[in-house]
Amino acid sequence: VNYGGTVEQWCSIYIENEKANPIYYAKSLKINGKTLTTAVIETSTKINAYAFYNCQSLTNVTIGDSVTSIGEYAFYGCTGLTSLTIPNSVTSIDSGAFGGCSNISGTVVLPASITSVPYAIFNGCSKITGITLPEKTTKSSFTTGVGDKYTIIPLHQSCDVSTNAN
């Protein structure tokens, strides 16, 4: 897929579902002829649903302080991603946003501005070893790995995801 605009413009395109996104089939995105491996999103306020769905060429994402929401399945299947930093400006993350990002590892910190952890946010991210959760989290459990549910510890502490809390 070759897109003639910018990464910021790509983030704002409405995509109805994963199969409506050409990246679903191509597994990569070219911006002006160059394969996208690093996405820097500095001026957009929203990363729309399915924006980078299955973009396996993506290895690094910088989410700037202007971003306040990340749509459902926005980065689903981005198997090239190995780490994730979500800025405090993000107040909303929808279901499955980082699901299938099987190479994200280490501890992921959800910003204090998040009050609800969406379903399957890290589904299939088996290399994540911990999740630091915001104090005011309202959901009692969430899916990190395929079919595994873990209890949220809503005290701004790390939640060990290596053991099943059920």
Side-chain angles (χ1 to χ4, degrees), residues 1-134 137 142 144 156 158 161:
V1 176
N2 187 23
Y3 180 66
T6 66
V7 171
E8 304 277 346
Q9 291 167 330
W10 181 265
C11 288
S12 67
I13 295 173
Y14 171 77
I15 300 171
E16 186 174 351
N17 60 50
E18 70 275 11
K19 292 184 180 176
N21 186 340
I23 300 173
Y24 176 82
Y25 304 97
K27 298 183 172 129
S28 68
L29 173 65
K30 290 183 179 183
I31 300 289
N32 298 308
K34 184 177 179 201
T35 300
L36 185 67
T37 57
T38 298
V40 178
I41 305 158
E42 293 181 320
T43 60
S44 295
T45 58
K46 180 177 184 176
I47 300 170
N48 275 353
Y50 305 100
F52 297 98
Y53 191 102
N54 206 35
C55 191
Q56 297 175 11
S57 65
L58 195 59
T59 58
N60 187 17
V61 174
T62 300
I63 301 172
D65 289 336
S66 65
V67 176
T68 59
S69 85
I70 300 172
E72 67 179 349
Y73 302 101
F75 293 97
Y76 188 94
C78 293
T79 57
L81 291 178
T82 57
S83 64
L84 177 63
T85 302
I86 303 169
N88 287 328
S89 61
V90 175
T91 58
S92 170
I93 303 174
D94 290 335
S95 298
F98 301 100
C101 296
S102 57
N103 286 308
I104 293 176
S105 62
T107 299
V108 175
V109 178
L110 294 178
S113 53
I114 298 293
T115 58
S116 178
V117 177
Y119 175 76
I121 185 174
F122 298 117
N123 187 36
C125 299
S126 58
K127 292 183 181 177
I128 291 176
T129 57
I131 300 170
T132 300
L133 303 159
T137 305
F142 64 103
T144 55
H156 205 65
S158 291
V161 297

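Counting from 1, the numbers follow the sequence of the chain as shown. Not measured: the values here are computed from a predicted model.
- Residues Leu84 and Val61 are not in side-chain contact: their nearest non-hydrogen atoms beyond the backbone lie 4.5 Å or more apart.
- By the side chain to side chain contact (heavy atoms under 4.5 Å, CB included) test, Ser102 pairs with Thr79, sequence neighbours left out.
- The minimum heavy-atom distance between Gln9 and Tyr3, with the atom names listed, is CB-OH, 3.5 Å.
- When all heavy atoms are compared, the tightest approach of Ser113 to Asn88 is OG-O, 2.8 Å.
- Considering CG of Leu29 and CD1 of Ile23, their distance stands at 4.5 Å, rounded to 0.5 Å.
- Within the 4.5 Å cutoff, no side-chain heavy atoms of Leu81 are placed close to those of Asn103.
- At least one side-chain heavy atom of Phe52 sits less than 4.5 Å from a side-chain heavy atom of Val7.
- Considering only heavy atoms from C-beta on, Lys30 stays 4.5 Å or farther from Val1 through its side chain.
- Remark: Ile31 CD1 to Thr6 OG1 distance equals 7.0 Å, nearest 0.5 Å.
- Between Leu110 and Ile93 the shortest side-chain heavy-atom distance falls below 4.5 Å.
- Counting all heavy atoms, side chain and backbone alike, Val67 lies closest to Ser89 at O-OG, 2.7 Å.
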Q. So Ile86 and Ile114, side chain to side chain contact (heavy atoms under 4.5 Å, CB included) or not? Walk me through it.
A. CA-CA 10 Å; Ile86 303 169; Ile114 298 293; 5.9 Å; no
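- For Phe98, the ring-ring contact (aromatic ring centres under 6.0 Å, His included) partners two or more places apart in sequence, or in a different chain, are Phe75.
- In terms of heavy atoms, Ile104 sits closest to Lys127 at O-CB, 3.3 Å.
- The line from CD1 of Ile41 to OG of Ser12 is 11.0 Å long, rounded to the nearest 0.5 Å.
- Applying the side-chain hydrogen bond (donor to acceptor under 3.5 Å, both in side chains) test to every pair with at least one member in residues 49-74, sequence neighbours left out, gives these pairs: Asn54-Gln56.
- Distance CD1/Ile121 to SG/Cys101: 10.5 Å, rounded to 0.5 Å.
- Considering every non-hydrogen atom in both Cys125 and Gly100, the closest pair reads SG-N, 4.3 Å.
- Closest of all the heavy-atom pairs between Ala51 and Ile47 is CB-CG2, 4.0 Å.
- When side chains are defined from C-beta on, Ile15 does not count as touching Asn48, because their heavy atoms never get closer than 4.5 Å.
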